[in-house]
Amino acid sequence: MAEFSFSVFSGAASPGAGDGRLIEVLDRALAAPSGTSRWTVRRGALWCHVEPEDGICPAQGWKLHVSATPASAVEVLSRSLAVLLAGGSSFKFAAGHDHVAALNARNTSRGHSGKFITVYPRSDGEAVRLALELHRATEGLPGPRILSDRPYAPGSLVHYRYGAFIEDRRITNDGFYAWMILDPDGNAVEDRRTGRYLPPSWVECPFPDHRPSGQPATAGANGGNGGNADGGAAGGRSEILIGTRFAVREAIRHTNKGGVYRAVDTRTGDPVVIKEARPHVAADESGADIRDRLRTEARTLTAIEPLGLAPRPVELFTQSGHLFLAEQLIPGTSLRQWTADLIADRGWGPHLPPALEMAHRLAGLMIEAHGAGLVLRDFNPNNIMVRPDGTPVLIDLELAVTAGDSEQAPLRAGTPGYAAPEQMDGADPHPTADHFGLGATLCHVITGGPPFLLDERPAPRSLTGRLAEWLRARTRDLEPPAAVTALLLGLMADDPGHRWSPAQARETLAALTAGRPDVPSARAAMAPAAVPTPGDGVTARPDGDGPEWLREQCERAASGIVGHLLTSMTRGEGVTLWPASCVHGAPDPCSVQHGAAGVLGALVRCHELAAVPAPGLPEAIADASRWILTRLDDGTARPAGLYFGTAGAAWAVLDAGLALDDGALVDAALAVADRLPTAVPGPDVTHGTAGIGLTALHLWARTGRERYADRAVAAADALVAGVERGPDGLGWSTPAQHESKLAGQRYYGFAHGIAGVGSFLIACAEATGRGDYRSLAADVGEHLLAAAAVTERSAQWGAGPGDAPTAPYWCHGAAGIGAFLARLGTATGDERFVQYAGRSAQAVMDDRWRAPLGQCHGLAGNGDFLLDLAALTGEDRHRDGAWRLAEIIVANRAHRDGHSVFPDEFGQVSVTWGDGMSGVLAFLLRLLHGAPRLWTADAAAIGSGRAS
């Protein structure tokens, strides 16, 4: 799993606590005789919308937001309703206390946080009047500052910003929905919700200026927040002095709870770290908020200062209502980065001795912390710094408690993958939960990643058994002493009372580092789940298949994924066809990368292979296809791209129609494809011309219709004409004036760079016989060879010119570039390209310890590359490598309601192609059944009707 850099606080309100109270406040207010307007109420799971009976609401304007905490929400709403129901403007409010808590959580998006009530005034004058009355009505009540808005007055709960009232979402050139407003000329511009007050340049603010005398209109990064360091030095501005003595030099990060800054103590000249806690953020029903957590951390640091286990506290101070803690800056690197550097420098296997030495020091660190009376509650590699001499030091002790603080500790809090199950369930602080955190952290140091295991239901398997399987998969070719597995399983035992103590762990680790693996405490703790290891490894049989036990696991995992996809599909008129994550924003629900087309492609492949006995699969494929077609014809403007636009959706529906022998679906998909342009401003595979060209090749392969050959040639010709050659070699880039995050950038990788363009060119050359396409693709290959960072065994690339080598994924690294080079070498006969593809495969295998599971940047995409290479070279070692990655993938499965689910790189259950389960499914099906790779064009299939 990818590493998590955040903690979760879910103790602000108990699940379902008080969810009816806010609705009851509205019901009483509507029943009161005051007011003359009639109202329509729409109650949803998260929001309650209240609209006047005449339904009049402007499309955009100055909107108002009123903040609150879970403790003040009822009173804030009651007082606000007295104002709002006497008027005639639409508004909405968070429908339950859980939602209020979520809006104010420490890691909530800074552009959306705090917005308990939203008001849509009918005019500027009405906005000013309502703001004043709401301010007077709620004055003195607690609520957080809303970062995207300007406060009506200092300390006011009422805020304002200019933005959209009626949802006008349009899909951008990058394939994501954005809220839009119109400028005075009628042009649509994005209504950006950021952590700063940024009104459009053409609007004039109608509100009175209540800033203190002498404070400029743009003071502070958030529009006059009264001296908050938030965002200051990070934007290149002159340093800010806070607390009368600390000169802020750099913002390390910004979250909803506040910033973390590097600064210098002007009294001593010492470097310090400053943590900020914004008022009323992460507040609970008692009124305690993130400032209380920071005060607790300050007390904790003071209590253990003589021991040197953590940074020395320098000063706790308040400025403009924000609480700050200045503490000693610990030189060194985080344990997470230390581990990555260790494996990168030593290699997988040779890293184990120093990893075990660090594990010994970490066990000692926890022993000292517990000896000082602390329960840490968030022991993980992000909260530990490693000094240059190798000494680990605790940082970020905001969850740590002493005996005197334990009753005020937030429950159900911790970092996913590292917090003990009982801690996340709300158990009182206890040292045995730290034992679990130590075990998970040692897993990270030894194996390169945490055992992030999703919850199971209805009858969860033993955590020890799941962890044992995960460890076998992660360490099969590491061959750690049996005592290592025993201590990890012992520290993370299901029953907190049976967990190893840090002292037991340190004893075992001391013996291991001294070369004595036969440790009494390890032998005694060996659980049955730790002993059996199915099979003799993941070496393929002569026929190229995986070992039977692993093949069965992969088959069950594929079947379980299909079951989850079918049962989680929400047929009907919903916004999405499958539940969607908001991690990436709001993607086009029809796209390959994050939408229904990617899932549909995997389901069609499953149906074509008759791989899984899944009743209802053909009906689900037909329903998904019609759902996509309906939205493609709804008038929404979409980009044309393969992964983020219409081309991929047309591809998926065409394959569905052919698989089901449904001529109507085929015709409809081709009608969509015929509306595609042959070239667009972007050159790449995911968004641009190369992807549209690949789609045309695929349509030609599946239908034999020559007009798609012509379209492919037109796309290739556009790329030939648009190639840029300069001192940095050849390449393509999205024009700087094009509205896209890719504008002006040049990349090497498959998704956004020249490797993907080259892959289309070589495929088109093979299909059409055009030598100029082959020649240009070879030039791309030469440029990539020159740009490679080569070691004795492997080759890697940076994201683009001048960049350091990045992780070897499909999107931007060696897996995608290697796939192109392998195909290029096969097509041209130039063995150098094939050799570099082999070096790319070695980079993929060397990096398997840290990759997430998905296609875009994960094990599934890397496994597909290894299968590409096995097919092109005939070398079994690449197929063996793919089976090795599959073993790691399936060890991360969780059982839910009779199906299988897998975590994406953010620890969520996602069905998407790019980072979710449909991409994993496609890889497993290909591994098991030898199918072609999805979303590629196989030149040998042109005119043959074979799926590609």
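We use all heavy atoms of the structure for the numbers below, so side chains are in, but hydrogens, waters and symmetry mates are not. For the single chain, residues carry numbers from 1 onward in sequence order.
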Legend entry - Residues that Asp847 engages under side-chain hydrogen bond (donor to acceptor under 3.5 Å, both in side chains), provided they are two or more places apart: Arg850
Inset, instruction - Applying side-chain hydrogen bond (donor to acceptor under 3.5 Å, both in side chains), name anything that partners Arg556, two or more places apart in sequence or on another chain. - result: none
With a cut-off of 3.5 Å and sequence neighbours excluded, list every side-chain donor-acceptor pair involving residues 856-864.
unit_1 : atom_1 : unit_2 : atom_2 : d
His857 : ND1    : Glu905 : OE1    : 3.3
His857 : ND1    : Glu905 : OE2    : 3.0
Asn862 : ND2    : Pro808 : O      : 3.3
Asp864 : OD1    : Arg926 : NH1    : 2.9
Asp864 : OD2    : Gln855 : NE2    : 2.8

Inset, instruction - Look at the side chain of Arg884 and the backbone N and O of Ala473, then say whether any donor-acceptor pair between them is shorter than 3.5 Å. - result: yes
Legend entry - Under 3.5 Å side-chain donor-acceptor pair for Asp494 and Thr464: yes
Inset, instruction - Taking all heavy atoms of Ser910 and all of Asp904, pick out the closest pair and write down the distance. - result: CB-OD2, 3.4 Å
Legend entry - With Asp389 via side-chain contact (heavy atoms from CB on, under 4.5 Å) - residues at least two apart: Arg387, Thr391
Inset, instruction - Name all residues meeting the side-chain hydrogen bond (donor to acceptor under 3.5 Å, both in side chains) criterion together with His498; count only those two or more places apart in sequence or in a different chain, and write none if there are none. - result: none
Legend entry - side-chain hydrogen bond (donor to acceptor under 3.5 Å, both in side chains) against Glu368, all qualifying residues, sequence neighbours excluded: none
Legend entry - Residues, nucleotides or ligands: over 12 heavy atoms within 6.0 Å of Arg793 CZ: no
Inset, instruction - Spell out, as yes or no, whether a donor-acceptor pair under 3.5 Å connects the side chain of Ser918 to the backbone of Thr912. - result: yes
Inset, instruction - For the residue pair Leu785 and Leu821, establish whether any side-chain heavy-atom pair is separated by less than 4.5 Å. - result: yes
